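Values below: every heavy atom of this structure, side chains too, minus hydrogens, waters and symmetry copies. Keep in mind it's a predicted model, so treat the numbers as computed, not measured.
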Amino acid sequence: MGNCASRLAANPERRSKRRSYRPLASSAALKKTMGRYYALTNYHHYWGRGLNRPLAWVTSGAPVELLRAFKIHPAYPEQYAAIYSTRKATVALCEAAETEGYSLDLCSYARSNIGGVLRPDLAPYGGMPKPDLLVACNNICGTVLKWYEVLARHFAVPLLVLDTPFLTGELTPQAKDYVLSQLYGMVSELEKITGRKFKEKSLARQMRLSSEITSLWKETRQFCQAIPSPLNAPDLFIHMAPIVVLRGTQSGIDYYRQLKEEVQNRVAQAEGAIENERIRLVWDNIAIWPQVFGFNKLFAERGACFVTDTYSGGWAVEHAPGTPMESLAATYTEVFLNRSPDFRANQLINLIKEYKANGFVMHSNRSCKPYSLVQEVIRRKVMRETGVPGLMIEADMADPRAYAAEPVRNRVQAFLETFD
């Protein structure tokens, strides 16, 4: 689950002319906010270790608020992998991993990250800085467990794993207690690693900050219920960057306050993200990063706007009630990728109704199998219950070798013609 705001926010005026949608003024603030985060991450060995602030590589679904309570700086391989893709480095990095025996069928985020570890000279930023520890949570997929085991062996650093049981229905007390006990075990390990004692007040503060940034992102996305929508898919994908890497920080909150104000002003002025919006769509799955603008141009030039999506919406869910630790246990277990096909179908149905969408598009993502394998089941149910058409596109979130431009263009054009 990652993105690429630092690079994509640059030169929005020039890009908007080519891609048929209006740029956000907040892109400048986004570039500055994310640039500072990357600088702090990439030069962590100069400042962090002197202050006893370890660097952790973490999965996007890991309980980062707990890490921040221990003054640990988080870095996200998925985030960097998305940047590698937009900077056209993914193929070389994946090939470096594949040469070492890693299968082409593995997640392209994992392959490009491992490739960057093996060949940092091929990676933007010179790859990621060496971690002091690794933290993985399998609420997004099982691949992260083996991926992070590989990293742990390579770097010879501790690996902490949070196992969240798959939810076929609602969260049970037993499942919550199971995750909660692991979190307390993680606290004990973090105390040993950092030499700091756990302070529930510190975690409560991080949870408050995280809750505020989540609310701001949720409210900003909800403005897209307006007609025309003030945001389109590239806006949602790019401007989700802080909610991923800066949860529990004031800098993330400051950014989303600015973005929310701009989006609210767009709604007040009836200014849409694209010109002449006539078709409203919902997107399902991770962005196609190598084609994040080119692919969406196929829709925007025909007046089709992606008014919401399931991907960036994964970070717009309010925290569960309870003590800080109880809230962590429930919130991170109930991540939508850890839920049943029925749950995800109902999620998509509700988005179509709430955002007055005319159809939806599903990205059958070659890399992200938990997200993609049940999509056809979901697609049929959503079409049956909403009466709107749904298109399936086959591609990959990061590896451009899985994107066939002409077949995709033909399918998109045929789909959009159904609205004429």
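Counting only residues at least two apart or in different chains, salt bridge (charged side-chain N to carboxylate O under 4.0 Å, His left out) contacts with residues 382-393 are absent. The list of salt bridge (charged side-chain N to carboxylate O under 4.0 Å, His left out) pairs with a residue in residues 351-371, not counting sequence neighbours, reads Asp105-Arg366.
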Please determine whether side-chain contact (heavy atoms from CB on, under 4.5 Å) holds for the pair Tyr76 and Tyr37, giving the CA-CA distance in whole Å, both sets of side-chain angles, and the decisive distance to 0.1 Å. CA-CA 11 Å; Tyr76 293 79; Tyr37 166 78; 3.6 Å; yes
Tell me, with the steps shown, if Cys305 and Leu281 meet side-chain contact (heavy atoms from CB on, under 4.5 Å). CA-CA 6 Å; Cys305 181; Leu281 301 171; over 6 Å; no
CA sep, side-chain torsions, deciding dist, call: Leu328, Leu66, side-chain contact (heavy atoms from CB on, under 4.5 Å): CA-CA 8 Å; Leu328 277 181; Leu66 182 59; 4.0 Å; yes
Mind running side-chain contact (heavy atoms from CB on, under 4.5 Å) on Gln222 and Thr308 for me, showing each step along the way? CA-CA 9 Å; Gln222 287 176 333; Thr308 192; over 6 Å; no
Pair Ser60, Glu78 - check side-chain hydrogen bond (donor to acceptor under 3.5 Å, both in side chains), show working. CA-CA 7 Å; Ser60 60; Glu78 295 154 85; 2.9 Å; yes
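At a threshold of 4.5 Å between non-hydrogen side-chain atoms, the residues Thr86 and Phe293 do not count as touching. The shortest side-chain heavy-atom distance between Pro77 and Tyr148 falls under the 4.5 Å cut-off. Looking only at side-chain heavy atoms (C-beta outward), Leu24 and His239 come within less than 4.5 Å of each other. In this structure, Arg411 and Leu391 have side chains that are in contact, with non-hydrogen atoms separated by less than 4.5 Å. The shortest side-chain heavy-atom distance between Asn113 and Met128 falls under the 4.5 Å cut-off. Under the 4.5 Å side-chain criterion, counting only non-hydrogen atoms from C-beta, Cys368 is not in contact with His363.
Within a 6.0 Å sphere centred on OH of Tyr43, heavy atoms belonging to other residues, nucleotides or ligands number 12 at most. The environment of CZ in Arg205 is sparse: at most 12 heavy-atom neighbours from other residues, nucleotides or ligands sit within 6.0 Å. In this structure, Arg401 places its CZ atom where more than 12 heavy-atom neighbours from other residues, nucleotides or ligands lie under 6.0 Å away. With a 6.0 Å radius and a threshold of 12 heavy atoms from other residues, nucleotides or ligands, Lys146 has its NZ atom at or below the threshold. A 6.0 Å sphere centred on CD of Gln269 holds more than 12 heavy atoms belonging to other residues, nucleotides or ligands.
At least one donor-acceptor pair closer than 3.5 Å links the side chain of Trp217 to the backbone N or O of Ser312. A donor-acceptor pair is defined here as one N or O able to donate and one able to accept, closer than 3.5 Å; such a pair exists between the side chain of Glu191 and the backbone of Phe198. A distance-only check finds no donor-acceptor pair linking the side chain of Gln206 to the backbone of Leu203 [under 3.5 Å].
At a threshold of 4.0 Å, the pair Asp284-Arg379 does not count as salt-bridged, since none of the basic side-chain nitrogens sits closer than that to a carboxylate oxygen. Using a cut-off of 4.0 Å between Lys/Arg side-chain N and Asp/Glu carboxylate O, Arg208 and Glu212 are scored as not salt-bridged. A salt bridge links Glu98 with Arg111; the closest basic N to acidic carboxylate O contact falls under 4.0 Å.
Residues Phe306 and Phe299 bring their aromatic ring centres within 6.0 Å. Side-chain rings of Tyr84 and Trp289 stay apart, their centers remaining 6.0 Å or farther from each other.
Partner of Glu65 under the side chain to side chain donor-acceptor pair (under 3.5 Å) criterion, out of Ser211, Ser202, Ser210, Ser327: Ser210 alone.
Cation-pi geometry between Arg87 and Tyr125 is met: the NZ or CZ atom falls under 6.0 Å from the ring centre, inside 45° of the normal.
Side-chain contact check for Ser108 and Asp396: at least one donor-acceptor pair (N or O, by modelled atom type) lies under 3.5 Å.
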